[in-house]
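The residues of the chain are indexed from 1 along the displayed sequence.
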Amino acid sequence: MKLIYKIPGFLLIITGAFFLSWGGLLVREFDNADIWQILFWRAFFFTITLIIFLFSIYKKEAVSVIKKSGLPGVLGGFAMSLGFIAYIVSMTQTTVANVLFIISTQTIWLAIFGYLFLKEKISIKALFSIILAMIGIVVMIGGSLGTGSLFGNLVALFIPINFAFLILLIRKFVTLDLVPALFYGGTIIVVVGFFMSKTIVITPHDLLISFILGTFQHAFGFICIVIGARSTPAATVGLLMLSETLLGPFWVWLFLNEIPPISVFIGGSIIMAAVIFKILEQKRSDVSKSI
């Protein structure tokens, strides 16, 4: 399993975005579980998967690795938990389109944070990719944007900002393995979900969906992103993460036959062009460094 640390960062980011993109489809499969029950059980399986991952990688050293992550790990976990809670709250207070649009601004936040705090310069080509991707997002969901609730929109801002903060920590402390930050974040959500739920008892079917969400969609996705972000510039992380925004509606269309409007296909094509452009640039950069 240690081979995952040798995979190029940008490939791990794309893989992580692929796993996360299944969230919308899987949530649709729940029968009776409410938001806080879903949050609790997803976080429960998420945390268990992380524990198994850490002990399979570090064996007896797993506990010391968690401790070694120190304050950055705790802060990263806290940021993650805030982002997860903000997602749930904002979804109940404003339109889905608003939330998706605000989340997509992580591309800009990551570029800004990387430039201000890590002195990571943004190339002209990277800037072009970001602008192109944002145009694609506006085309993709701009027609569905509603006014929503001001409170809900403001809460939704915590999602991309906290994600950008987590990536900032990972890029700042590249010598630390901050996968333990995911452990802290998952633990916080388990506690919050437990106390916010009237009962944690759900049907076997919903429990299975929670397992798939927590283990494959959530844990695998964020493990790939956290490890991949160690060697990938912040602006590039944000751009490649747009693959999640692109693929999410595709899975719902493919498996639930929910046909999206033509704007989704047009905007999605623009986003894909921006992502492919950045991947090709990244590959050329990696080849030139190896020569």
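- Here the CD1-CG distance, from I271 to L242, works out to 6.0 Å after rounding to the nearest 0.5 Å.
- Annotation: side chain of T215 is not in contact with side chain of I48 (no heavy-atom distance under 4.5 Å).
- Within a 6.0 Å sphere centred on CZ of F19, other residues, nucleotides and ligands contribute more than 12 heavy atoms.
- The environment of I124 atom CD1 is sparse: at most 12 non-hydrogen atoms of other residues, nucleotides or ligands sit within 6.0 angstrom.
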Step-by-step side-chain contact (heavy atoms from CB on, under 4.5 Å) determination, I276 to M272:
CA-CA 6 Å; I276 291 175; M272 180 61 73; 3.7 Å; yes
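- Distance CD/Q217 to CZ/F46: 10.0 Å, rounded to 0.5 Å.
- A donor-acceptor pair under 3.5 Å is absent between the side-chain atoms of N162 and the main chain of L82, judged by distance alone.
- When all heavy atoms of I159 and Y87 are compared, the closest pair comes out as CD1-CA, 3.5 Å.
- Counting non-hydrogen atoms of neighbouring residues, nucleotides and ligands closer than 6.0 angstrom, the OH atom of Y115 reaches no more than 12 such neighbours.
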Walk me through whether F113 and R171 qualify under side-chain contact (heavy atoms from CB on, under 4.5 Å). CA-CA 11 Å; F113 281 17; R171 297 291 297 142; over 6 Å; no
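- Under a 3.5 Å cut-off, the side chain of Q106 and the backbone N or O of A164 do not form any donor-acceptor pair.
- With a 4.5 Å cut-off on side-chain heavy atoms, V190 and T187 do not count as touching.
- For the pair S123 (side chain) and A126 (backbone), a donor-acceptor distance under 3.5 Å is present.
- Under the 6.0 Å cut-off for aromatic ring centres, F30 and W41 do not qualify, their centroids lying 6.0 Å or more apart.
- The OG atom of S231 sits 9.5 Å away from the CG atom of L11 when rounded to the nearest 0.5 Å.
- Taking both residues in full, the closest heavy atoms of S129 and L239 are given as CB-CD2, 3.3 Å, listed atom of the first, atom of the second, then distance.
- Among the candidates V74, L178, D177, L75, the single residue satisfying the side-chain contact (heavy atoms from CB on, under 4.5 Å) test with S69 is L178.
- What you find for I202 and S210 is that their closest heavy atoms are CD1-OG, 3.9 Å.
- Listed for the D31 side chain is no donor-acceptor partner under 3.5 Å among the backbone atoms of T203.
- Proximity of the aromatic rings of F220 and W22 is defined here by a centroid distance below 6.0 angstrom, and this criterion is not met.
- Between T49 and G214, the closest heavy-atom pair is OG1-O, 4.5 Å.
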Could you check F44 against F194 for side-chain contact (heavy atoms from CB on, under 4.5 Å), going step by step and ending with a plain yes or no? CA-CA 10 Å; F44 174 81; F194 178 81; over 6 Å; no
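- Close placement of the F128 and F277 rings is indicated, their centers lying within 6.0 Å of each other.
- The aromatic rings of F222 and F163 stand perpendicular to each other, their planes meeting at an angle above 60°, with 30° marking the opposite boundary.
- Transitive grouping of hydrophobic side chains (ILVMFWY, heavy atoms separated by less than 4.5 Å) brings F173 and L116 into a common cluster.
- Put simply, F158 and W109 are part of two different groups of oily side chains (I, L, V, M, F, W, Y) that touch within less than 4.5 Å, one to the next.
- A cation-pi geometry, defined here as NZ or CZ lying under 6.0 Å from the six-membered ring centre and within 45° of its normal, holds between R42 and F84.
- Within the 4.5 Å cutoff, no side-chain heavy atoms of I200 are placed close to those of Q37.
- Two residues are said to be in side-chain contact when any heavy atoms from C-beta on lie closer than 4.5 Å; V89 and I85 meet this criterion.
- I167 and V174 are assigned to two separate hydrophobic clusters, defined by single-linkage of ILVMFWY side chains at heavy-atom distances under 4.5 Å.
- Counting only heavy atoms from C-beta outward, the side chains of L20 and M241 approach each other to under 4.5 Å.
- Using a 4.5 Å heavy-atom cutoff, the side chains of F45 and L207 are in contact.
- Residues V226 and V179 come closest through the heavy atom pair CG1-N, 3.8 Å.
- Looking at heavy atoms from C-beta onward, L256 lies in side-chain contact with E29 at the 4.5 angstrom threshold.
- Each of F195 and V201 belongs to its own hydrophobic cluster when Ile, Leu, Val, Met, Phe, Trp and Tyr are linked at side-chain heavy-atom distances under 4.5 angstrom.
- For the pair I102 and P160, the tightest heavy-atom approach, listed with the atom from each and the gap, is O-CG, 3.3 Å.
- The closest donor-acceptor contact from the side chain of T47 to the backbone of F183 lies at 3.5 Å or more, if one exists at all.
- Summarising the geometry, atom CZ belonging to R230 is positioned 11.0 Å from atom CG belonging to L12; distances are rounded to the nearest 0.5 Å.
- Atom-to-atom distance recorded for L118:CG and L110:CG is 10.0 Å, nearest 0.5 angstrom.
- Between atom CD of residue E244 and atom OG of residue S104 there is a gap of 10.5 Å, rounded to the nearest 0.5 Å.
- For the pair S197 (side chain) and W36 (backbone), a donor-acceptor distance under 3.5 Å is present.
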Quick one: do I227 and I223 satisfy side-chain contact (heavy atoms from CB on, under 4.5 Å)? Show the steps, please. CA-CA 6 Å; I227 296 174; I223 286 172; 3.8 Å; yes
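- With hydrophobic clusters built from ILVMFWY side chains whose heavy atoms lie under 4.5 angstrom apart, L71 shares a cluster with L182.
- Counting heavy atoms from C-beta outward, C224 and I13 have side chains that stay 4.5 Å or more apart.
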